[in-house]
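Working notes, structure below.
Note that the structure is a prediction, hence the values are computed from the model and not measured. Count residues from 1 along the sequence. The figures that follow rest on heavy atoms only: side chains count, while hydrogens, waters and symmetry mates do not.
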Amino acid sequence: MLKKARIYIIICVVALIQYGNTFEHDYAWDDAIVITQNERVQKGLSNPSEFFQSIKSNEIQHRYGYRPISLLSFALDIELSEMTPKTGHVMNVLYYALLCCLIFYFLKGMFPEKGALFAIIIVGLFLIHPVHTEVVANIKSRDEILTMIFGVFSMIFFLNFLEKEKRNYLFGALTILALVLSFLSKENGITFVGILLLIAYFKSTERINTYMKYGVPIFGGVVLVAIRMYVYSDSIFENSTTELLETYQYREDGFLGNPLRDATGLLQIIPNVFNILIKNLGLLIFPITLVHDYGFSHSTMVSWADPLVIASVVFHFILIYMVIREFKKKSVLLFGILFYFITISIFLHIIQVGPDYMAERFLFIPSLGFLIAIVALIERITKASFNSDAEPIWKNGKAKGAFVILGIFFLLGFVKTTNRNKAWENNTTLFESDIAALDDCARTNFNYAVLLHDEYHKNPTKSKQEKILYHYQRAVDISDRSLTSMLLLGKAYMEFGYEEKGKKVFEQAVVTHEGLVAPLMMMGQYYLSQEQFEESLEWYEKARELTNLPSTFHWKAVCYLKLNEIDKAVASIEEGELYNPQEVGYFKLMADLYLAQKSYDKARIAIQKGLEIAPNDAQLVEKLNQLNNQL
């Protein structure tokens, strides 16, 4: 018993050593989506049913797929240690260690003729592969780990369903359950349906008829599709995107994350599929330059004439020929190749264009298939055997040579992963580590500028101003399709005393993003800051023509107040109240206007409404006390 457990203990220890330097890391990158700005997760496990609600809105916490199991795991972290990143990082590594143990167990069951050493080599390479750092070192990407954990469980249960003489129907039910949990961890869990069908093809059995053998995975796929349809039905799905569009506040433009959003059809997408495939293989074979963002223009839409696409087409046609030759042999090499393509298929934008052109986390599950194929290929080319059960490794000369080569890869991967982990310590280390490689990425330049801007407010210096403006401007120069980048650039110019430059940016935004309210509002802010109140009022009125947002009435009222037209200011603020303002500042202004008119009862009501939004607001409390003293 102890001998059997020894390998699993070694796997766990290596995982802890490999990723132990992440334990003291802070939250980073998109952890905000699932932790720091997610109200449901911050409540812990007080109301687990909340995680099964599907909500889509412009709030950061709702920019996440329907992944209740992953959200539950993050809530568990909060229960264990409130909101400290250390718990999240430790749990990530423990889940990763569990996954590696499960992979070893599966490989031994799937390929018993290959022996334990074959499985150990694959698991060892999987464990230290540098492309996995984004998944393990970034708490949010735990959804990939959980998806694969439950996916591997489904594979193990399915093997038992095919091979066990007793309780095979129980294993069939467990297979479906594990599939569902994988899918509820992240949507790409649906690819394990294809993997189960692959296992069914590889495993010949006379105990279970063909219909049953293939029926379980197919039924599992039907269940997942049914869940997907239900989750996005009116009975559960909450979506505020339409409301945001109708009020002209928000227009989602996914181009900056994935330039394929501009593709007009499949003929434009297919060459990019080959481009992504060859670049993914490059990352798996030579994981030298790793970055956290592959958005525009670090990634661009390519055509059939691109040399890399041509090379990829040739390579993959050779691969297809190999698959055809290996198909009847049911070789380990074939299993690895097909595992890779089945699990990567969902990220190739063929069925639906995704939010990101490519990402290292997308390679997490497919990398297992890649490593199975690579180890099998090395074994075949060198004519070595990694089956230590049949012959000790030290007596097999060819295997020893191949083993030495794999050992070098292991050490290089271990060192690279250890170093790459450091980049994920926090947002500052991540952006500063990657900005040189991502100078051509609009989204990264914007994110870095925002980070620098936040730091500037804590310790302002002239040099920081220049750096902030450079990265905002760089983001806009790469693509002016990001309205937020343009507006924050203009606001930064205004803040740093370059008002005219700020005005030019806002004017550009009005033209580039015609029909949206925000650029018009910023033009109003510019003229208001210059005390040109009539011009400011004109821009706010243009914004008002597009939308009934309370803020447009608020700023119109401010302009009227500055022009000493109190009655018009009151009329504007009262009209805006019809549209349910939720900002405490709105009612502060309303109260001030009523006080200027000596309408004390109305002022009291306005103050009380403001206190309903912010019960402890010192200014409102003081106004109310003054009003009470006057009366």
- Test applied, side chain to side chain contact (heavy atoms under 4.5 Å, CB included); reference residue, Ile346; option that passes from Ile351, Asn188, Ile365: Asn188
- Residues at least two apart in sequence or cross-chain that pass salt bridge (Lys or Arg N to Asp or Glu O under 4.0 Å) with Lys86, listed by chain then number, are Glu24
- Indicate yes or no for a side-chain donor-acceptor contact from Asn275 to the backbone of Val309 under 3.5 Å, with no hydrogens or angles considered. no
- Message: Could you check whether any side-chain N or O of Ser312 sits under 3.5 Å from a backbone N or O of Leu308, counting only pairs where one atom can act as donor and the other as acceptor?
- Response: no
- Message: Taking Thr147's backbone N and O only, do any of them form a donor-acceptor pair with Ser182's side chain (distance below 3.5 Å, no angle check)?
- Response: yes
- Task: Could you tell me which residues satisfy ring pair (Phe, Tyr, Trp, His ring centres under 6.0 Å) with Phe106, sequence neighbours excluded, listed by chain and number?
- Result: none
- Item | Non-hydrogen atoms of Lys464 and Glu455 that approach each other most closely | NZ-O, 4.1 Å
- Under the criterion ring pair (Phe, Tyr, Trp, His ring centres under 6.0 Å), which of Tyr201, Phe202, Tyr321 is the partner of Phe327? Tyr201
- Query: Would you find more than 12 non-hydrogen atoms of other residues, nucleotides or ligands less than 6.0 Å from Lys491 atom NZ?
  - Reply: no
- Message: Could you check whether any side-chain N or O of Asn92 sits under 3.5 Å from a backbone N or O of Asn138, counting only pairs where one atom can act as donor and the other as acceptor?
- Response: yes
- Would you find a donor on one side and an acceptor on the other, under 3.5 Å apart, between the side chain of Ser482 and the backbone of Ser485? yes
- Task: For the residue pair Val510 and Met522, establish whether any side-chain heavy-atom pair is separated by less than 4.5 Å.
- Result: no
- Item | Gln18 side chain vs Leu127 backbone, donor-acceptor pair below 3.5 Å | no
- Message: Could you check whether Asp440 pairs with Arg474 (Lys NZ or Arg NE/NH1/NH2 to Asp/Glu carboxylate O, under 4.0 Å)?
- Response: no
- Does any N or O in the side chain of His129 come within less than 3.5 Å of the main-chain N or O of Gly124, such that one atom is a donor and the other an acceptor? no
- Query: Looking only at heavy atoms, which two atoms of His298 and Asp293 are closest? And how far apart?
  - Reply: CD2-O, 4.1 Å
- Message: Ring of Phe255, cation from Arg261 - is the NZ or CZ under 6.0 Å from the centre and inside 45° of the axis?
- Response: no
- Message: Do Phe347 and Asn280 make a side-chain contact, defined as non-hydrogen atoms from C-beta onward lying under 4.5 Å apart?
- Response: no
- Exceeds 12 heavy-atom contacts within 6.0 angstrom, atom CG of Leu266: yes
- Is any side-chain heavy atom of Tyr448 less than 4.5 Å from a side-chain heavy atom of Lys467? yes
- Would a distance-only check, ignoring hydrogens and angles, find a side-chain to backbone donor-acceptor pair under 3.5 Å from Glu134 to Arg361? yes
- Answer yes or no: is there a donor N or O on one side and an acceptor on the other, between the side chain of Asp26 and the main chain of Glu425, under 3.5 Å? no
